[in-house]
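To start, the structure under review is shown below, and the notes come after it.
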Amino acid sequence: ADRALILRFDGNHRRALVDQIVAGLDRPSKIARWGENSIAMSLPTTGAVIGIDLDRPDPIVLAEELGRPQGLTTDLDGSVVVCDAGDDQLVRITEDGALGVIAGTGFTGLVDGPAAAAELAQPVAVTRTAHGLVFCDAGSNNLRLLTDKGRVHTVTDSSFTRMGLIDGPAHKAVLQRPTGVAALSDGSLIVADTGNHRLRLVSDERVKTLGVAGLNAPEGVTEVREGLVLVADTGNHRLVMVDLDDHRVWIPDVIGLSSPTA
């Protein structure tokens, strides 16, 4: 549809009203909050990141000529951190519009250490945590961390050839092409483990697979309130709410669309 929907959920998150439709986009991918009433959005096919002020109709270009921008997050200083999956790097867009690489040499690999010398493999999603920026390194099937001291550390135990569904201590856990990650209000992380069609919870340095069935290649996840996350269930072409306490799943009714969303 090449559009973005701005939704407003009711109190129990069973229904959502389409508050705004941003049309005319070129295969939009991931979004992040940008400023008070704006969002940043990645456009992988054109190599651009745009900003959309929800009070104004015309997007502005925040960055262009990137390899294949994917996941975004707003950092503590108001800058936007972008996963450039095509160039195997993390880049930062400052509030004054400057663009700079913050991790990755540009060569595909799985090498930890100082950010400028580290090698990444298709970073596609990123979130801010108390320890730094945690990102999904989809090519190497890992969660990785860029610390605030400028070092890259691999959190899980996957590799280019080692992938699967193994829980336990994070440094021994194995994922399969994770593509979505969000920091939760309790300090834990929720991960869309796309290749395993699962949600994984990272808490107290341990990885646990949640008992949520029926997902098909989930690619995005975000917390809407404590204990409740919204999941882009991409393979099933739908948005679902997931209660993290009892693992209930439901499809919110979306009001204001001319055709069903699920």
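The shown structure was predicted, so the numbers you read here are calculated from the model rather than taken from an experiment. What's counted below: heavy atoms across the whole structure, side chains too, no hydrogens, waters or symmetry copies.
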May I ask you to say whether R68 pairs ionically with D84, meaning some side-chain N is under 4.0 Å from a carboxylate O? no

Flag the pair R14 / M241 as yes when at least one side-chain heavy-atom distance between them is below 4.5 Å, and no otherwise. no

Distance, nearest 0.5 Å, that separates CG of L120 from OG1 of T105: 7.5 Å

Flag, side chain of W250 to backbone of D243, donor-acceptor distance under 3.5 Å: no

Nearest-0.5 Å distance, CE of residue M163 to OG1 of residue T161: 7.0 Å

Is there a side-chain contact between I102 and V81 (heavy atoms, below 4.5 Å)? yes

Using a cut-off of 6.0 Å, state whether more than 12 heavy atoms not belonging to D77 lie near its atom CG. yes

Hey, is the main chain of A98 close enough, under 3.5 Å, to the side chain of T94 for a donor-acceptor pair? yes

Could you grab the distance from atom CG of D19 to atom CD1 of I6, nearest 0.5 Å is fine? 8.0 Å

Does a side chain donor of either D88 or T108 reach within less than 3.5 Å of an acceptor in the other side chain? yes

State the CZ-CD distance between R8 and Q20, to the nearest 0.5 angstrom. 10.0 Å

Which residues share a side-chain contact (heavy atoms from CB on, under 4.5 Å) with V101, sequence neighbours left out: Q89, V91

Do D137 and N142 have a side chain donor and acceptor closer than 3.5 Å? no

Between T147 and R151 (side chain of the first, backbone of the second, donor and acceptor by atom type, cut-off under 3.5 Å), is there such a pair? yes

Minimum heavy-atom distance C83-P123, with the two atoms named: CB-O, 3.2 Å

Do L43 and V49 have side chains that get closer than 4.5 Å, going by heavy atoms? no

Backbone N/O of L175 and side chain of S158: donor-acceptor pair under 3.5 Å: yes

Keeping S42 on the side-chain end and P44 on the backbone end, is there a donor-acceptor pair under 3.5 Å? no

Under 3.5 Å donor-acceptor, N141 side chain and R177 backbone: yes

Looking at every heavy atom in both V231 and P218, which two are closest together, and how far apart are they? CG1-CB, 3.8 Å

Which heavy atom in T73 sits nearest to a heavy atom in V126, and how many Å separate them? CB-O, 3.5 Å

Given the options R144, R162, K172, D157 meets salt bridge (charged side-chain N to carboxylate O under 4.0 Å, His left out) only with R162

Establish whether L184 and V221 are linked, either directly or via other cluster members, by ILVMFWY side-chain heavy-atom contacts under 4.5 Å. yes

Between H197 (side chain) and A217 (backbone), is there a donor-acceptor pair under 3.5 Å? yes

Please confirm whether the backbone N or O of R198 pairs with a side-chain atom of N196, one donor and one acceptor, at under 3.5 Å? no

Around atom NE2 of H247, are there more than 12 heavy atoms of other residues, nucleotides or ligands at under 6.0 Å? yes

Please examine the side chains of F9 and R15, heavy atoms only from C-beta on, and report whether any two atoms are closer than 4.5 Å. no

Calculate, to the nearest 0.5 Å, the distance between atoms CD1 and OG belonging to I52 and S38 respectively. 9.0 Å

So, E223 side chain and S185 main chain: donor-acceptor pair closer than 3.5 Å or not? yes

Applying a strict under-4.5 Å side-chain criterion to I, L, V, M, F, W and Y, I'd like to know whether L99 and L133 cluster together. no

Hydrophobic cluster membership, L90 vs L110, 4.5 Å side-chain cutoff: no

Please answer whether the main-chain N or O of L143 pairs with a side-chain N or O of T156 as donor and acceptor at a distance below 3.5 Å. yes

Does a side-chain N-to-carboxylate-O contact under 4.0 Å join R128 and D75? yes

For residues I190 and L199, determine if any side-chain heavy atom of one lies less than 4.5 Å from a side-chain heavy atom of the other. yes

Counting only pairs under 3.5 Å, give me each side-chain donor-acceptor contact of residues 28-36, with atom names and distances, residues two or more places apart or in other chains.
from : atom 1 : to   : atom 2 : distance (Å)
S29  : OG     : Q70  : OE1    : 3.0
K30  : NZ     : V124 : O      : 3.3
K30  : NZ     : T179 : O      : 3.1

Side-chain heavy atoms under 4.5 angstrom apart, residues restricted to Ile, Leu, Val, Met, Phe, Trp, Tyr: same cluster for I251 and L210? yes

Tell me if the CZ atom of F107 is crowded by more than 12 foreign heavy atoms within 6.0 Å. no

Does the side chain to side chain contact (heavy atoms under 4.5 Å, CB included) test come out yes or no for L7 and L17, once each step is laid out? CA-CA 6 Å; L7 304 179; L17 177 67; over 6 Å; no

May I have the step-by-step check of side-chain hydrogen bond (donor to acceptor under 3.5 Å, both in side chains) for T154 and D112, ending in yes or no? CA-CA 7 Å; T154 300; D112 288 349; 2.8 Å; yes

Rounded to the nearest 0.5 Å, what separation is found between the CG atom of D2 and the CG atom of D26? 6.0 Å

Within a strict 4.5 Å, meaning less than it, do heavy atoms of the L25 and I50 side chains meet? yes

Under 4.0 Å between a Lys/Arg side-chain N and an Asp/Glu carboxylate O for R238 and D233? yes

What pairs of residues pass the side-chain hydrogen bond (donor to acceptor under 3.5 Å, both in side chains) test when at least one of them lies in residues 205-215, not counting sequence neighbours? D167-T209, R200-T209

Would L165 end up clustered with V155 when hydrophobic side chains under 4.5 Å apart are linked, directly or stepwise? no

Hey, does N216 have a side-chain heavy atom less than 4.5 Å from the side chain of T234? no

